[in-house]
Amino acid sequence: MAYVWARLVICFLLAILVFHDLCFSEMPPDYTFMYEATKAPKISFYDYIIIGGGTSGIPLATTLSANHKVLLLERGGSPYGNPNVTRLSNFGSYFSDTSPDSPSQQFITEGVVNARPRVLGGGTSINAGLYSRGEQKFNMEARLMDESLVNKSYEWAEKVMVFKPELQKWQSAVRAALAEAGVTPDNGFIYDHIIGTKLAATLFDENGTRHTAADMLQYANPKGLSVLLHATAGNILFKTIGRSRPLAYGVVFEDSAKNKHMAFLKGRENDEIILCAGALGSPQLLVLSGIGPKEQLDAYNIKVVLEQPFVGKGMADNPQNSIFIPSPIPVEASVFQVVGITSFGSYIEEAGGLNLIFANPSAYQGFSPQMGGFIFEKINGPLSMGELGIETLNPADNPSVTFNYFKEPEDLQKCVDGIRTILKVVESKAFSNYKYANMTVKDILDLNMKLPVNLLVHANTSSSLEQYCKDTVRTIWHYHGGCHIGKVVGPDYKVFGVAALRVIDGSTLLNSPGTNPQASLLMLGRYMGVTILGQRLASANTKNE
């Protein structure tokens with residue numbers, strides 16, 4: 001009976017929210033509810049406080065704003081008006097920008113240069129734009145049991161920020177070559193994650209303009225939502241005296257002028273603070289707030305709110321390896337649109353005509369990134385994991401993190417199989433126009449061994465595909481973990497052992513869904529927003545009976 005009632009409530013909410021979505025319609029970037037944190041009051045009160053205006057935080061905040069007063073704190077600035085973010089032709093330029101205002105914050109682990117977003121829209125504002133739904137396995141791991149709501153939540157995002165790309169010649173050649181290499185069938189243009197080759201969707205429109213999660217703020221209720229930019233959350237406040245478990249009741253945050261502000265929950269039963277700060281930010285902020293491994297808290301003299309040994313554990317980053325293939329003919333600029341999903345757990349993707357190692361063109365040893373392209377492989381999972389810990393008490397600083405790339409032999413074998421598939425693509429008839437006839441596979445691998453793709457010291461020639469994978473490992477920016485579902489949060493994403501606190505973002509993921517997790521995280525934010533509204537409404541109705 002309870003399940004039936006919950007389903008009725010959610011169906012009712014979906015109908016209401018669809019109507020609301022059509023009514024609100026403040027269009028990007030002219031949001032009246034978005035402003036600098038320096039203009040925020042010193043003290044304010046809300047039904048929901050969401051920390052992190054990224055891939056899951058924005059759809060969550062937008063959904064909750066329909067019926068409640070919501071504060072969304074974003075530590076970065078707006079993606080609008082910044083051509084390095086909005087233009088496809090400038091993709092990746094921010095990865096080498098280490099200034100405090102960069103939309104990308106660099107961190108390095110195990111010789112791999114990585115990046116975390118520091119901009120409204122999160123990863124959707126700095127990634128390569130590939131949009132592909134996660135596999136069914138993800139829905140089960142994420143405890144998303146309402147398949148209808150899953151599909152509606154995907155569609156909600158897809159209406160405003162997802163596009164079908166136009167295939168160019170290089171991409172068409174890679175697509176045909178993947179089929180020739182055995183990555184079949186060709187599934188055409190499709191959102192779903194199924195074995196074979198497909199054309200994935202993209203966040204870039206026909207004009208090469210990026211659309212981000214920030215575009216979904218057009219769905220928000222302007223009277224219900226406040227979005228603060230350059231608002232860095234320092235710690236979550238808890239009430240502990242006289243309580244069986246700590247209660248989250250407020251957040252301390254800092255604006256760009258280093259002024260402190262305090263935002264509090266109104267104190268009603270279902271009011272909540274929700275962490276959406278990402279795989280690095282959410283576990284880091286939990287530790288800074290007193291929830292984490294005791295040895296971490298004691299080392300920095302942080303008052304223990306709750307001993308939680310699993311915070312920061314299970315950190316993973318899907319390794320990426322690539323092969324740059326010099327071309328005798330020009331290659332059109334493109335990023336990650338043709339995808340090969342293999343049966344052995346490696347995903348093959350392409351990008352052409354761009355400097356995707358973000359290095360001086362001289363690094364290409366006489367060749368040119370505009371006269372060539374990259375074919376990448378990402379392994380699923382992965383099985384290899386590391387951990388995260390704070391290094392300072394400053395929330396703006398990066399925590400320390402390890403991923404232990406290729407620690408598990410199965411991950412390395414998937415990479416080897418993926419590289420073998422790429423080499424079959426390179427040697428295929430369909431790809432022959434884009435490969436110098438006199439270049440052998442060994443020549444191409446040795447060329448790539450010399451590219452500065454990471455900070456590891458290694459030989460300049462390839463001795464084996466296993467060693468090639470280890471020596472040329474890079475990130476594909478799909479790191480996750482640190483607040484695993486089942487370890488740190490329950491199936492409702494509520495943090496174990498405390499009240500009024502959830503985590504809804506990539507830190508909860510057990511595996512990286514699909515070829516790119518952004519679609520799944522956008523869906524997760526919307527799904528949980530609708531679910532939370534349903535739970536709150538059902539609770540109110542039960543009390544009124």
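Across all their heavy atoms, Pro222 and Phe33 have their closest contact at CA-CD2, 3.7 Å. What you find for Ala279 and Ser507 is that their closest heavy atoms are CA-CB, 3.7 Å. Shown here for Thr531 and Leu149, the closest heavy-atom pair between the two residues is OG1-CD2, 3.8 Å. Thr202 approaches Pro165 most closely through the heavy-atom pair CG2-CB, 3.9 Å. Here the shortest heavy-atom pairing between Gly234 and Leu288 reads O-CB, 4.0 Å. Across all their heavy atoms, Ser125 and Val119 have their closest contact at CB-CG1, 3.6 Å.
The environment of Lys42 atom NZ is dense: over 12 non-hydrogen atoms of other residues, nucleotides or ligands sit within 6.0 angstrom.
Within the model, atoms NE2 of His478 and NE2 of His480 stand 10.5 Å from one another, a figure rounded to the nearest 0.5 Å. Rounding to the nearest 0.5 Å places CG of Leu275 at 4.5 Å from CD1 of Ile51. Put simply, CD1 on Ile50 and CG on Leu72 are 6.0 Å apart, with the number rounded to the nearest 0.5 Å. Within the model, atoms CD1 of Ile302 and NZ of Lys294 stand 12.0 Å from one another, a figure rounded to the nearest 0.5 Å. Here Leu60 contributes atom CG and Tyr48 contributes atom OH; the two are 9.0 Å apart, rounded to the nearest 0.5 Å. Put simply, NZ on Lys69 and CG on Leu265 are 12.0 Å apart, with the number rounded to the nearest 0.5 Å.
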*asked:* Assess the residue pair Trp156 and Thr63 against the criterion (side chain to side chain contact (heavy atoms under 4.5 Å, CB included)); give the C-alpha distance rounded to whole Å, side-chain angles, the decisive distance to 0.1 Å, and a yes or no.
replied: CA-CA 11 Å; Trp156 183 78; Thr63 301; 4.1 Å; yes
*For the pair Phe95 and Trp477, evaluate ring-ring contact (aromatic ring centres under 6.0 Å, His included) and give the outcome as yes or no after the intermediate values.*
CA-CA 11 Å; Phe95 290 133; Trp477 310 290; 4.8 Å; yes
*Does the pair Arg536 and Glu272 meet the rule for a salt bridge (charged side-chain N to carboxylate O under 4.0 Å, His left out), with working shown?*
CA-CA 11 Å; Arg536 188 161 187 151; Glu272 291 182 320; over 6 Å; no
*Might you work through the side chain to side chain contact (heavy atoms under 4.5 Å, CB included) test for Arg116 and Ser104, ending with a clear yes or no?*
CA-CA 6 Å; Arg116 57 191 293 212; Ser104 167; over 6 Å; no
*Check the pair Phe204, Phe163 against ring-ring contact (aromatic ring centres under 6.0 Å, His included), reporting the backbone distance first and the verdict last.*
CA-CA 7 Å; Phe204 292 98; Phe163 303 86; 9.4 Å; no
*Can Phe376 and Phe336 be said to form a side chain to side chain contact (heavy atoms under 4.5 Å, CB included), step by step?*
CA-CA 9 Å; Phe376 302 84; Phe336 299 101; 3.6 Å; yes
*Take Leu228 and Met34 through the side chain to side chain contact (heavy atoms under 4.5 Å, CB included) test and state the conclusion after the steps.*
CA-CA 6 Å; Leu228 298 184; Met34 182 174 76; over 6 Å; no
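Between the Gln308 side chain and the Gly292 main chain, no donor and acceptor come within less than 3.5 Å of each other. Of the possible polar contacts, one joining the Glu26 side chain to the Thr32 backbone as a donor-acceptor pair under 3.5 Å is found. For Asn259 (side chain) and Asp255 (main-chain N/O), no donor-acceptor pair under 3.5 Å exists by modelled atom type. Of the possible polar contacts, none joining the Thr240 side chain to the Pro246 backbone as a donor-acceptor pair under 3.5 Å is found. A donor-acceptor pair under 3.5 Å is formed between the side chain of Asp505 and the backbone N or O of Gly278. Under the 3.5 Å distance criterion, the side-chain polar atoms of Ser512 are left unmatched by any main-chain donor or acceptor of Pro517. Formation of a donor-acceptor pair under 3.5 Å by the Gln518 side chain with backbone atoms of Leu130 is found in this model. Remark: side-chain polar atoms of Ser56 are paired, donor with acceptor, to backbone N or O of Ile504 under 3.5 angstrom. For Tyr493 (side chain) and Ala142 (main-chain N/O), a donor-acceptor pair under 3.5 Å exists by modelled atom type. Counting only distance, with no hydrogens or angles, the side chain of Thr109 and the backbone of Val401 share a donor-acceptor pair below 3.5 Å.
Salt bridge status for Lys266 with Asp47: present, with a side-chain N to carboxylate O gap under 4.0 Å. Salt-bridge check for Arg133 with Glu158: passed, with a basic side-chain N closer than 4.0 Å to an acidic carboxylate O.
When side chains are defined from C-beta on, Glu349 counts as touching Val339, because their heavy atoms get closer than 4.5 Å. The side-chain heavy atoms of Val488 and Ile291, taken from C-beta on, include no pair separated by under 4.5 Å. Considering only heavy atoms from C-beta on, Glu155 stays 4.5 Å or farther from Val162 through its side chain. The closest side-chain heavy-atom distance from Pro369 to Leu356 is not below 4.5 Å. Using a 4.5 Å cut-off on side-chain heavy atoms (C-beta onward), Glu391 and Ser400 make contact. With a 4.5 Å cut-off on side-chain heavy atoms, Ile357 and Arg474 count as touching. In this structure, Phe358 and Tyr94 have side chains that are not in contact, with every pair of non-hydrogen atoms separated by 4.5 Å or more. Put simply, the side chain of Thr38 reaches to within 4.5 Å of the side chain of Ser256, judged on heavy atoms.
Between Tyr131 and Tyr191, the ring centre distance stays below 6.0 Å.
Between Gln535 and Asn270, the side chains place no donor N or O within less than 3.5 Å of an acceptor N or O (distance only, hydrogens not considered). Side chains of Thr475 and Asp317: a donor on one and an acceptor on the other come within 3.5 Å. A donor and an acceptor atom, one from each side chain of Thr392 and Asp397, are located under 3.5 Å apart. Checked by atom type, the side-chain pair Glu254/His261 shows no donor-acceptor distance below 3.5 Å. Donor-acceptor pairing under 3.5 Å is lacking for the side chains of Ser99 and Asp101. Side-chain atoms of Tyr479 and Asn114 form no donor-acceptor pair, as typed in the model, at a separation below 3.5 Å. With 3.5 Å as the limit, one finds a donor-acceptor pair spanning the side chains of Tyr80 and Asp215. Side chain to side chain, Asn82 and Arg210 fail the donor-acceptor criterion of an N or O pair below 3.5 Å.
With Tyr347 as the aromatic partner, Lys378 does not meet the cation-pi criteria of under 6.0 angstrom to the ring centre and within 45 degrees of the ring axis.
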